[in-house]
Amino acid sequence: MCPEQELTRRQHRSRLALWFVLAALVWLLLSGPAALWLQCGSQAWNSPQLPDAVYLMAGDKAQNRRIDILVDFVSPWTNQAATNDGPGLIVLIGNDTTKGPWSRAEQTNLCMAAWAEKKIAGRLGNTVRLKRVPGRPITTDTEMELLAHFLAEQPAIRTLVVVTSPFHMRRSLRQLRKHLRTALVFRSAPAAPDWRDHAPWVVAAELLKMARDAAGMSRAPLVSRRPREN
C-alpha cells in the first residue's frame, strides 16, 4: 500500500472514531441529564397534605403504567380521603374516546377513558370519586387547555397532581401553565424508574415536541397529532 493510501485509510478511521465518540456523547446526554430534566423530579408533590384532585392524562399505549403510578400515589391517602366529609379523593380522567379493547362484561369495545375508570375503580373502589374532564383531547396542548377550562369552573380544586409518563411530565405541566386561568398549585406524581423514560429516541422525540410547542406550532398540520377515527 502506498503512503497516500495509508494516510487516507488512517483519516477515514479517525473520522469514524470521531463520529462514534460524538454519537456516544449524544446518547449519554439524552439518556442522562436530558431525560432527568424532562421528568421534573423537583416538581413532584412532596406535601403531607392530601391534594384536592389528581388528574390522569389520556394515552392508550401508556394507560396501564400511568394508572400504576396513580394508584401508588393515591393509595396512602385513600383511607384518609374516605373518612373526610366528601365521598373521597377526586380523580379526574382525560376523556380519551379512542376505541379500546373488548369488554366481556359490557359486551362492547369500551373507549380508553371508560377503561381507565374501570381499572381505577377495580383497584381503588369507592375511596375515590371518578370524573371525566369534558371535551376530546387530541394533543397534549388541547388536553391541557380542556383541563384548564374545567378547573376554572371548579373553585374547590386549588391543588392538583398530574399523572402521566415521567418523560412526558415537563411538557404537560408547561402546557397546563400556559392555559391555566386560576391560581392553582399543580405538581407531578413521582414514578418508579423505568428504562423507557431514558430511551434516547423517546427523549429526543419529546425534546423536539417541546421545541415545536415553544415555536407556537402545537396544533400545526404535519407536526402535530391528528384526530383518530374511533
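Basis for what follows: all heavy atoms, side chains included, without hydrogens, waters or symmetry-related copies.
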Are Leu130 and Leu110 linked, directly or through other ILVMFWY residues, by side chains that come within less than 4.5 angstrom of each other?
no

For Ile157 and Leu184, which heavy atoms make the closest approach, and how far apart are they?
O-CD1, 3.5 Å

Which heavy atom in Asp197 sits nearest to a heavy atom in Val203, and how many Å separate them?
O-CG2, 3.7 Å

Salt bridge Asp213-Arg171, side-chain N to carboxylate O under 4.0 Å
yes

Would Arg170 and Trp37 satisfy side chain to side chain contact (heavy atoms under 4.5 Å, CB included), going step by step from the backbone distance to the final call?
CA-CA 8 Å; Arg170 183 172 290 275; Trp37 181 75; 3.4 Å; yes

Separation between CG (Asn109) and OG1 (Thr98), nearest 0.5 Å, reads 12.5 Å

Is the shortest side-chain heavy-atom distance between Gln39 and His198 below 4.5 Å?
yes

Do Leu30 and Leu36 sit in the same hydrophobic cluster, where Ile, Leu, Val, Met, Phe, Trp and Tyr count as joined when their side-chain heavy atoms come under 4.5 Å apart?
no

Same apolar cluster (I L V M F W Y, side chains within < 4.5 Å links), Leu180/Leu92
yes

Report yes if the side chains of Arg123 and Asp68 come closer than 4.5 Å at any heavy-atom pair, otherwise no.
yes

Spatial distance of atom CE (Met144) from atom CZ (Arg177) [nearest 0.5 Å]:
12.0 Å

Decide if atom NZ of Lys131 counts as having more than 12 heavy atoms of other residues, nucleotides or ligands within a radius under 6.0 Å.
no

Atom CG in Leu70, atom NZ in Lys119: separation rounded to 0.5 Å?
12.5 Å

Candidate pair Leu124 and Leu89, rule side chain to side chain contact (heavy atoms under 4.5 Å, CB included), full reasoning:
CA-CA 10 Å; Leu124 295 175; Leu89 177 67; over 6 Å; no

Do the side chains of Met57 and Thr140 get nearer than 4.5 Å, heavy atoms only?
yes

Validation row: Leu25, Leu29 side chains within 4.5 angstrom (heavy atoms):
no

Heavy-atom check, side chain of Val128 versus side chain of Val54, under 4.5 Å
no

Approximate separation, where rounding is to 0.5 Å, of Gln154 CD and Leu147 CG:
10.5 Å

So, Glu153 side chain and Phe150 main chain: donor-acceptor pair closer than 3.5 Å or not?
no

Criterion side chain to side chain contact (heavy atoms under 4.5 Å, CB included) on Leu207 and Leu38, from CA distance to verdict
CA-CA 8 Å; Leu207 291 173; Leu38 288 178; 3.9 Å; yes

For Ile69 versus Pro166, what's the shortest heavy-atom pair and its separation?
CD1-CD, 4.2 Å

NZ/NE/NH1/NH2 to OD/OE distance under 4.0 Å, Glu117 and Arg132:
yes

Could you pull out the closest heavy-atom pair between Leu146 and Val133, with the gap in Å?
O-CG1, 3.8 Å

Honestly curious: do Trp27 and Phe167 fall in one hydrophobic cluster under the side-chain, below-4.5 Å linking rule?
yes

Between atom CE of Met169 and atom CD of Gln43, what is the distance when rounded to the nearest 0.5 Å?
9.5 Å

For a side chain to side chain contact (heavy atoms under 4.5 Å, CB included) check, start with the C-alpha distance between Asp52 and Ile90, then their side-chain angles and the critical distance, and finish with the verdict.
CA-CA 7 Å; Asp52 294 326; Ile90 299 173; over 6 Å; no

Only residue of Arg181, Arg219, Lys178 satisfying salt bridge (charged side-chain N to carboxylate O under 4.0 Å, His left out) with Glu145 is Arg219

Please check if the number of heavy atoms outside Arg158 that lie under 6.0 Å from its CZ is greater than 12.
no

Distance check, rounded to the nearest 0.5 Å: His149 atom NE2 versus Leu151 atom CG?
11.0 Å

If you take all heavy atoms of Gly100 and Trp115, which pair is closest and at what distance?
C-NE1, 4.0 Å

Close side-chain approach of Arg187 to Asn46, heavy-atom, < 4.5 Å
no

Over all atoms of both residues, closest heavy-atom pair of Ser165 and Arg66:
OG-NE, 3.0 Å

Heavy-atom side-chain proximity of Tyr55 to Phe186 below 4.5 angstrom:
no

Side-chain ion pair, Asp60 and Lys99, N-O less than 4.0 Å
no

Taking the side chain as everything from C-beta on, heavy atoms only, tell me whether Leu160 gets closer than 4.5 Å to Val162.
yes

What I want to check is whether the side chains of Thr139 and Asp141 have a donor and an acceptor closer together than 3.5 Å.
no

Same cluster (ILVMFWY, side-chain, under 4.5 Å), Val202 and Met210
no

